[in-house]
Structure formats: structure tokens, C-alpha cells
**Student:** 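Just dropping this structure here.
Hydrogens, waters and symmetry mates play no part in the numbers below; they use all other heavy atoms, side chains included. Quick note: residue numbers are just sequence positions, from 1.
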Amino acid sequence: MTRLVAGNWKMNGSLAANRKLLDVLVVQPGVEMAVCVPFPYLAQLQERPRGLVLGAQDVSEFEVGAYTGEVSAAMLAEFGCRFVIVGHSERRALHGEGDLVVGRKARAALAHGLIPIVCVGETLVERDAGHAVSVIGRQLAAVLEVLGREAMARVVLAYEPVWAIGSGRSATVSQVEEVHAGIRGWLRGHGVAAEDVRILYGGSVKPENAAALFAARDVDGGLIGGASLVGEDFMAICRAAADAV
Ligand code: PGA
């Protein structure tokens, strides 16, 4: 399975800064490289390095109509997006997105040919209480309930422990392997074609730890926040993904 490295720019960028960043990005053989950009920059990204795949960071669960501020999957498709992040922990925490909403967003994306990157992950309190597995299971179950087994096999999953995001404190390789194997086992146990699902790791991936994380079992790529805004760092992470065996 080709590894996927997706940059999540979050609410960063400007026309000038994006241009500079894009100048540095060269798509590497052996890895799929994507950038998930703020909505207004989808137009700017119509011109981008050859092979760089385009994505967005959120999508409406609704089709069309009176939903002020929302952006539909059809609109993202029209701008050439292939991916859209759904259920990022920042949206769950700051915008009150519940598990079922995340599932409905994933369904809306798939209906328009987009691949949702569904984020799951536990907070530090949940991990310390020994609840990481059950929290992730609950998040996955809601998405499965909405999508059904066949569509579930078409999503990309991203394990993003909340405590590792933007904290400079990545999960360790053994923590990542344990959760990723758990997610794959969960999918299998629920009748989903688990081997078809790419499971990304996200949370303080940097050039220094990328090689070890991508070499970890059941890690099929990464979702990269802060380091995706620094061209050289994002390139180094993508190279590490391409080189990982
Ligand atoms: P980070 O963010 O790489 O800055 O930790 C990852 C994410 O939130 O997707």
C-alpha cells in the first residue's frame, strides 16, 4: 500500500506564504503527497506542483442549501479535492462535533468521490484512565454505523492522540503500533476489509521522528500539522515515508 503523507495547514497561510511553500514541494516517487488547505486557498492551489494531491480540512454533512458558513462536498470536488479531513480533534473540541456528525461528514464526502481522512484519538485524561481503546472504538463505531462496512473500507483513518498534536510530544513507536494494530483488529472484527484501509499517524511528526514512525507496523502514512508549513521539513517527512520499508 503506497504511504500517504498529508499536510494539514490548519488556519495558516497567505497567498504569498503559500506560493513560497509550494515552490519547495516536489512530489517524491513511492509516496502520495497531499496538502489540506483552508477553503479560500483551493483556488490558488489549482496550480500546484505536479502530482501534489489537494485536500480540504472540513466539509458539511449537508448537500446544499441554507447552511451559512458551510462548504459542501460537491464544491470541494469541483475544485479538484481528493481528500477531506473529518473529525479532527480541534473540530471535535472547539466546534462540538460529535461522533455521528463526523460519520455523516464522511458519508457526504464519499458521495462526491472524495476520500475522507477520518481522525480518531484519545485525550491524555482518557489515556491515563486506560480508556484509549474504548474511546477510539466509540469514534469508529459511529462512523461505521453511518457508512456501513463497504464504505468504511474506502476511508483513510488517522490516529491522532490529542496530547500529541502540536505539543512536540509524539506518541512513541510502541504506542502507535499498539493503537494502529488495535484499529485494524477492530475493523476486521466488524467485518470491514481492514487491509484496504490506510491508517495514518498524526501528532508532532517531524523530520527527526518520521523515519521511525513510518517504519512502525500498521503505519501507512502521516497527517502532518506544524511541520507541513515548513517546506524542507515536509519534504524530509515525505522522503522518510517513501524510503520506509
Ligand atoms: P501537529 O498536528 O503535526 O502540528 O502535531 C497534527 C494534526 O493536528 O493533524
**Student:** Pair up each side-chain donor or acceptor in residues 212-229 with any protein partner under 3.5 Å, not counting sequence neighbours, and list the distances.
**Tutor:**
residue : atom : partner : partner atom : Å
R217    : NH2  : E177    : OE1          : 3.3
D218    : OD1  : R184    : NE           : 2.5
D218    : OD1  : R184    : NH2          : 3.3
D220    : OD2  : R184    : NH2          : 2.8
D220    : OD2  : I199    : N            : 2.9
S228    : OG   : I224    : O            : 3.2
S228    : OG   : G225    : O            : 2.8

**Student:** If you link I, L, V, M, F, W and Y whenever their side-chain heavy atoms are under 4.5 Å apart, who else ends up in the same group as M11?
**Tutor:**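 None; M11 is a cluster of one.
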**Student:** Should V120 and I165 be counted in the same cluster of Ile, Leu, Val, Met, Phe, Trp and Tyr side chains packed under 4.5 Å apart?
**Tutor:**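 Shared cluster, no.
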**Student:** May I ask you to say whether E90 pairs ionically with K10, meaning some side-chain N is under 4.0 Å from a carboxylate O?
**Tutor:**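 Yes.
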**Student:** Name all residues meeting the ring-ring contact (aromatic ring centres under 6.0 Å, His included) criterion together with W9; count only those two or more places apart in sequence or in a different chain, and write none if there are none.
**Tutor:**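 Scan of W9 (ring-ring contact (aromatic ring centres under 6.0 Å, His included), adjacent residues dropped) gives none.
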**Student:** As a test of understanding, state which of Q57, E160, H95 forms a side chain to side chain donor-acceptor pair (under 3.5 Å) with H88.
**Tutor:**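 The option that passes is E160.
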**Student:** Cut-off 3.5 Å, no hydrogens considered: what does the side-chain donor-acceptor table look like for residues 105-114, sequence neighbours left out?
**Tutor:**
residue : atom : partner : partner atom : Å
K105    : NZ   : D58     : OD1          : 2.8
K105    : NZ   : D58     : OD2          : 3.4
K105    : NZ   : V59     : O            : 3.4
K105    : NZ   : E97     : OE2          : 2.7
H112    : NE2  : E63     : OE1          : 3.2
H112    : NE2  : E63     : OE2          : 3.1

**Student:** Quick one: hydrophobic cluster around L100, which other residues, with the 4.5 Å side-chain cut-off, linked directly or via members?
**Tutor:**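 Members besides L100, by chain and number: V146.
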**Student:** Give every residue pair that meets the side-chain hydrogen bond (donor to acceptor under 3.5 Å, both in side chains) criterion with at least one member in residues 37-46, sequence neighbours excluded.
**Tutor:**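 Non-adjacent pairs meeting side-chain hydrogen bond (donor to acceptor under 3.5 Å, both in side chains): N18-Q44.
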**Student:** Could you tell me whether the side chain of S170 and the main chain of S204 form a donor-acceptor pair under 3.5 Å?
**Tutor:**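 No.
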**Student:** Does anything in residues 185-194 form a side-chain hydrogen bond (donor to acceptor under 3.5 Å, both in side chains)? List the pairs, not counting sequence neighbours.
**Tutor:**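 Matches after skipping sequence neighbours: R188-E195.
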**Student:** Can I get a per-line list of side-chain donor-acceptor pairs under 3.5 Å for residues 232-245, giving both atom names and the distance, sequence neighbours left out?
**Tutor:**
none

**Student:** Got a second to check how far E70's CD is from M75's CE, nearest 0.5 Å?
**Tutor:**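 Reported value, rounded in 0.5 Å steps: 10.0 Å.
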**Student:** Between the main-chain N or O of R127 and the side-chain N or O of E122, is there a donor-acceptor pair closer than 3.5 Å?
**Tutor:**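 No.
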**Student:** Quick check for you: to the nearest 0.5 Å, what is the distance between L157 atom CG and I117 atom CD1?
**Tutor:**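 Going from CG on L157 over to CD1 on I117, the span is 10.0 Å.
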**Student:** For residues 113-164, which residue pairs pass the ring-ring contact (aromatic ring centres under 6.0 Å, His included) check, not counting sequence neighbours?
**Tutor:**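 Output for this query lists Y159-H180.
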**Student:** Any side-chain hydrogen bond (donor to acceptor under 3.5 Å, both in side chains) pairs touching residues 132-151, not counting sequence neighbours?
**Tutor:**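 Those involving residues 132-151 are D99-R138.
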**Student:** With ILVMFWY side chains joined below 4.5 Å, transitively, what does F62's cluster contain besides itself?
**Tutor:**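 Besides F62, the cluster holds Y67.
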**Student:** Please tabulate, for side-chain N and O atoms in residues 21-31, each donor-acceptor pair with protein atoms closer than 3.5 Å (sequence neighbours left out).
**Tutor:**
residue : atom : partner : partner atom : Å
Q28     : NE2  : V26     : O            : 3.1

